[in-house]
Amino acid sequence: MKNAMLVVAVVLLTSCATVKYNTLEKVGIHKRDLLVGNVKDTRNAQKDAQEEFQDALERFGNIVTIENTNLKKAYDRLDKEYESSKDAAEEVSEQIEETEEVAKDLFAEWRKENKTYNDEVLRRDSESKLADTEARYKEMLKSMKQAEASMKPILASLHDNVLYLKHNLNAQAVGSLKSTYSNLEGDIGVLIQRLNQSIARSDEFIKQMK
């Protein structure tokens, strides 16, 4: 029964995707256009994530460096920044998944259509372009994944420290967070660098796909 339900779910998802693609193609929007759009959305989500993580680091720094601060108010703000950072990271992951889905369908269609050429010269040229596009896509996706992976340990650290601060709103607790701030500063610095690299690769891929 479970296997049957799984098969039905897969069929429904596949048919839904096919209907979506067919509908969009009727108005001149093809998988290539969708992929470029997905890459743009992922790039924009990464830019938003940069801002959110930088804001979270700044808020964390305010807590550990400002003396006699209102700890309850500071905690509330840090908690808000953590939640915003988590939402931004989830958006990046969702956009990457959508990009992967469309890319897989595009390349599968491209390979299938290459087999229908009658002209051998045109077929080889199309296969060469497919190979080049796939190679550039894989490099871009690798960069996206590296940046995505860098977010997870930072979110874990922010979560733990926000939770710790929630139950320990005192100067001693704040003092114990100072070493964490230094580590977060380094980790977020690496994240920003990887996001910049990924954004640059995305811009290059978009430019080459036009």
Side-chain angles (χ1 to χ4, degrees), residues 2-50 53 86-153 155 190-210:
K2 289 183 179 179
N3 290 336
M5 292 177 65
L6 180 60
V7 170
V8 171
V10 170
V11 170
L12 288 173
L13 287 172
T14 303
S15 60
C16 288
T18 301
V19 170
K20 179 186 74 174
Y21 290 139
N22 289 340
T23 301
L24 290 172
E25 285 180 1
K26 287 180 180 179
V27 294
I29 301 174
H30 299 275
K31 292 183 183 70
R32 185 186 186 93
D33 305 310
L34 291 174
L35 178 57
V36 170
N38 286 140
V39 173
K40 287 180 179 178
D41 289 342
T42 303
R43 177 199 61 191
N44 294 338
Q46 289 178 321
K47 289 182 178 179
D48 291 340
Q50 277 186 322
F53 276 92
K86 185 174 71 170
D87 290 344
E90 289 174 354
E91 179 65 18
V92 169
S93 296
E94 290 174 7
Q95 292 299 334
I96 290 176
E97 287 180 7
E98 291 183 16
T99 297
E100 288 184 282
E101 180 182 347
V102 175
K104 181 185 69 174
D105 293 338
L106 169 64
F107 295 140
E109 178 185 72
W110 198 339
R111 280 190 292 271
K112 183 178 179 180
E113 291 179 342
N114 280 343
K115 297 177 181 179
T116 67
Y117 277 103
N118 295 304
D119 190 310
E120 187 67 17
V121 174
L122 291 178
R123 182 181 65 79
R124 286 199 299 266
D125 182 66
S126 183
E127 288 177 341
S128 176
K129 285 183 170 61
L130 169 58
D132 178 65
T133 304
E134 279 193 291
R136 288 188 283 105
Y137 165 77
K138 288 177 181 178
E139 284 297 316
M140 178 192 68
L141 182 63
K142 180 181 178 181
S143 185
M144 286 180 176
K145 292 281 192 177
Q146 287 177 334
E148 179 189 24
S150 296
M151 296 181 189
K152 295 177 181 178
L155 286 173
V190 172
L191 170 61
I192 298 303
Q193 182 180 10
R194 288 181 176 175
L195 284 170
N196 281 330
Q197 291 172 347
S198 181
I199 290 168
R201 286 189 180 277
S202 296
D203 285 335
E204 183 180 356
F205 183 81
I206 292 167
K207 182 178 179 181
Q208 291 172 334
M209 288 289 283
K210 289 182 178 180

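Being a predicted model, the structure only gives us computed values, none of them experimental. All heavy atoms count here, side chains included; hydrogens, waters and symmetry mates do not.
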Practice problem: Let me see the working for Gln208 and Glu204 under side-chain contact (heavy atoms from CB on, under 4.5 Å), right down to the final yes or no. | Solution: CA-CA 6 Å; Gln208 291 172 334; Glu204 183 180 356; 3.6 Å; yes
Exercise. Determine yes or no for a side-chain-to-main-chain donor-acceptor pair under 3.5 angstrom, with Ser126 supplying the side chain and Asn114 the backbone.
Key: no
Exercise. Would you check, one step at a time, whether the test side-chain contact (heavy atoms from CB on, under 4.5 Å) holds for Gln146 with Ser198?
Key: CA-CA 8 Å; Gln146 287 177 334; Ser198 181; over 6 Å; no
Practice problem: Using modelled atom types only, decide if a donor and an acceptor are shared between the side chain of Ser143 and the backbone of Met140 within a distance under 3.5 Å. | Solution: no
Self-check item: Partner residues of Lys47 under the salt bridge (Lys or Arg N to Asp or Glu O under 4.0 Å) criterion, sequence neighbours left out
Solution: none
Quiz prompt | Heavy-atom side-chain proximity of Leu141 to Arg201 below 4.5 angstrom | solution = no
Quiz item: For the atom pair OG (Ser150) and CD1 (Ile192), what is the distance rounded to the nearest 0.5 Å?
Solution: 10.0 Å
Exercise. Please list, chain by chain and in numerical order, all residues satisfying salt bridge (Lys or Arg N to Asp or Glu O under 4.0 Å) with Glu134, sequence neighbours excluded.
Key: Arg111
Practice problem: Could you tell me whether the side chain of Glu100 reaches within less than 4.5 Å of the side chain of Lys145, counting heavy atoms only? | Solution: yes
Quiz item: What is the minimum heavy-atom distance between Val102 and Leu35, and which atoms define it?
Solution: CG1-N, 3.7 Å
Quiz prompt | salt bridge (Lys or Arg N to Asp or Glu O under 4.0 Å) pairs, two or more places apart, involving residues 28-45 | solution = Glu25-Lys31, Lys31-Glu109, Arg43-Asp203
Self-check item: Nearest atoms (heavy-atom pairs only) where Phe205 meets Thr133
Solution: CE1-O, 3.9 Å
Quiz item: Are any non-hydrogen side-chain atoms of Leu191 and Gln50 less than 4.5 angstrom apart?
Solution: no
Quiz item: Would a 4.5 Å heavy-atom cut-off, applied to side chains only, mark Phe53 and Leu195 as touching?
Solution: no
Practice problem: Could you check if a side-chain atom of Glu127 sits within less than 4.5 angstrom of a side-chain atom of Trp110, using non-hydrogen atoms only? | Solution: no
Exercise. Could you walk me through whether Thr99 and Tyr137 pass the side-chain contact (heavy atoms from CB on, under 4.5 Å) test, one step at a time?
Key: CA-CA 10 Å; Thr99 297; Tyr137 165 77; 4.1 Å; yes
Quiz item: Are Ile96 and Glu148 close enough, and set up right, to give a side-chain contact (heavy atoms from CB on, under 4.5 Å), and what steps lead you there?
Solution: CA-CA 9 Å; Ile96 290 176; Glu148 179 189 24; 3.8 Å; yes
Exercise. Answer yes or no: is there a donor N or O on one side and an acceptor on the other, between the side chain of Asp125 and the main chain of Val121, under 3.5 Å?
Key: no
Self-check item: Rounded distance [0.5 Å steps], CG in Asn38 versus CD in Gln95
Solution: 7.0 Å
Practice problem: Work out which heavy atom in Val92 is nearest to a heavy atom in Ala49; give both atom names and the distance. | Solution: CG2-CB, 4.1 Å
